[in-house]
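Working notes, structure below.
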2 protein chains.
Amino acid sequence: MNPQRTRRRGPALENAILDAAWDVLVEHGYHGLTYEAVAARAHTSRPVLYRRWPTRDDLLLATITRYRAAQPVEIPDTGDLRADAIGFLRNADAGLTGMITLISVQLMDYFRDTGTNFTTLRDALGSPTPTPCEIIVARAVARGDLPDVPRSRRLLNLPFDLFRHDVLMTLRPLPAHSLTEIVDEIWLPLLRR
Amino acid sequence: MNPQRTRRRGPALENAILDAAWDVLVEHGYHGLTYEAVAARAHTSRPVLYRRWPTRDDLLLATITRYRAAQPVEIPDTGDLRADAIGFLRNADAGLTGMITLISVQLMDYFRDTGTNFTTLRDALGSPTPTPCEIIVARAVARGDLPDVPRSRRLLNLPFDLFRHDVLMTLRPLPAHSLTEIVDEIWLPLLRR
DNA sequence: GCCTCAAGATACGTGAATGTTTCTTAGGGC
DNA sequence: GCCCTAAGAAACATTCACGTATCTTGAGGC
């Protein structure tokens, strides 16, 4: 280990380890989340980890929990439906891709074992109602930019579903043109129909 | 090994191994798909596997390919666009759900390890071109039921993407009304726009 | 019925990760 | 400034899978 580095203690050390664990998790997945790899990444040693998190699941849970306090996705309010929609997808693309990837990689085994699924988890975590897409449409209706007619949940949440689908398929952030394509070629024509 | 068992050769042995590999994959995921486990399940030995599939990826691809070849999804040709679309989704719902669930649950580690993703795997398996959705639209255009205008890949494959999304989210077959909703409320209005 | 080749068993070295123990040394409290 | 605790280094036995090499034995072709 680098002799220059000061010896860390308490919360400073703990946070550094969990940050390292998050990096390893995003980079190599659950299978790569070994005590060895995390200790190396955090520039510490395995016994330090074992003293705090006796099992790998403890370490995983602590890592995810620490990042649960992460940034919420902002819903822009520009006064323009298209700008709101694309802006929201852009924010989600920047902030949510890692989390979606993580969940898809990490929790599938849990889903398999418990017989639950994404939807179950989202409901258990307290589903945000209304969803961001529904908020954006409601604002457009209030401005008179869209007719005030009933719309199905599928139509309302279509852009985010397509966004999530593409992220799950590629496990990467989406290029900007995919976001505008979803809004311009799919969602807006259906909303304005 | 059971002395009663006859010694298998050629395709019979190969199919028995790949069937065993499929079972292991479904049961324990990619991480559990070891030469040891597959050889044990198939009542053979690791060298027999190494002679045919030098790497674990070769074994994985062969296993998935065999399963998929055994489970083709029919594309109905009724002369009606809506009936074709809903019929195809219904066939996919009956036949592909297990496959999609498997991939999502079991292969995420593989994606992480190899830096690949769902799309990469689909290409490696030989992506059918044109896709079923594209075939269905082409037939409708040929009949004169749809105008012969250029359409984006996203629009053309929209129903299957939405279907796949819902399967990934619920890890269950979709109810019939979801299939008709995708076709009637989303796809057909955009195609006929 | 004999011959050939591959199936199948067995063993060996390697490498990675586990869980634990021992020892030193640095930081912070007093 | 001293002391105590915990950080960090190092080593240990164990486990599991890998990849290969060697040997036998059975199945199918002729």
Side-chain angles (χ1 to χ4, degrees), chain A residues 1-63 66 105-106 109, chain B residues 1-63 66 106-110 112-115:
Chain A
M1 178 183 161
N2 190 345
Q4 312 282 21
R5 182 181 294 272
T6 169
R7 181 176 288 190
R8 301 152 297 182
R9 283 174 175 262
L13 175 62
E14 206 152 310
N15 288 335
I17 292 174
L18 291 182
D19 288 346
W22 172 265
D23 291 342
V24 171
L25 195 55
V26 168
E27 209 166 299
H28 301 290
Y30 180 71
H31 181 230
L33 187 74
T34 66
Y35 283 88
E36 299 244 349
V38 174
R41 171 80 66 126
H43 301 288
T44 183
S45 61
R46 284 183 292 124
V48 176
L49 304 192
Y50 278 109
R51 285 170 197 142
R52 290 176 167 75
W53 304 282
T55 75
R56 190 158 70 147
D57 285 357
D58 295 328
L59 179 57
L60 174 67
L61 189 63
T63 302
R66 174 166 159 79
V105 171
Q106 304 314 335
D109 280 338
Chain B
M1 179 183 162
N2 189 345
Q4 311 284 19
R5 181 181 295 275
T6 169
R7 181 175 287 190
R8 301 152 296 181
R9 286 177 173 259
L13 174 62
E14 209 152 305
N15 289 334
I17 292 175
L18 291 182
D19 288 345
W22 175 260
D23 291 342
V24 172
L25 191 58
V26 168
E27 213 166 294
H28 301 291
Y30 174 72
H31 184 230
L33 187 74
T34 66
Y35 283 88
E36 302 242 346
V38 174
R41 172 79 67 124
H43 301 288
T44 182
S45 61
R46 284 183 291 124
V48 176
L49 304 192
Y50 279 108
R51 284 169 197 144
R52 291 177 166 74
W53 305 282
T55 75
R56 190 157 69 145
D57 287 359
D58 296 327
L59 179 57
L60 175 68
L61 279 188
T63 301
R66 172 169 160 78
Q106 311 293 18
L107 296 189
M108 284 301 178
D109 279 338
Y110 168 73
R112 270 293 152 228
D113 292 350
T114 60

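- Note: A:Leu49 CG to A:Glu36 CD = 10.5 Å, rounded to the nearest 0.5 Å.
- Note: CH2 (B:Trp53) to C1' (C:dA7) measures 13 Å, nearest angstrom.
- OP1 or OP2 of D:dG8 sits under 4.0 Å from a side-chain N or O of A:Thr44.
- In this structure, A:Thr6 reaches the C:dG27 phosphate: one of its side-chain N or O atoms is under 4.0 Å from OP1 or OP2.
- Rounding to the nearest 0.5 Å places CZ of B:Arg66 at 4.0 Å from CG of B:Asn15.
- A distance-only check finds no donor-acceptor pair linking the side chain of A:Tyr35 to the backbone of A:Ser45 [under 3.5 Å].
- Atom CZ of A:Arg52 is separated from atom C1' of D:dA6 by 8 Å (rounded to the nearest Å).
- In this structure, the separation between CG on B:Leu25 and CZ on B:Arg41 is 11.0 Å, given to the nearest 0.5 Å.
- The CG atom of A:Leu13 lies 12.5 Å from the NE2 atom of A:His43; values are rounded to the nearest 0.5 Å.
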Base-contact (B) and sugar-phosphate-only (S) positions in nucleotides 11-18 of chain C, heavy-atom cut-off under 4.0 Å, - elsewhere: B-----BB

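- Residues from residues 9-17 of chain A with heavy atoms under 4.0 angstrom of DNA chain D, sorted by number: A:Arg9, A:Leu13.
- Taking the side chain as every heavy atom from C-beta outward, A:Thr44 and A:Arg8 approach each other to under 4.5 Å.
- Nucleotide D:dA27 holds its C1' atom 13 Å from the CZ atom of B:Arg8, rounded to whole Å.
- Atoms CZ (A:Arg51) and P (C:dT22) sit 13 Å apart, rounded to a whole Å.
- Minimum heavy-atom separation, B:Ala21 to B:Thr63: CB-OG1, 3.4 Å.
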CA sep, side-chain torsions, deciding dist, call: A:Thr55, A:Leu60, side-chain contact (heavy atoms from CB on, under 4.5 Å): CA-CA 9 Å; A:Thr55 75; A:Leu60 174 67; over 6 Å; no

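- Between B:Leu49 atom CG and C:dA9 atom P the separation is 12 Å, expressed in whole Å.
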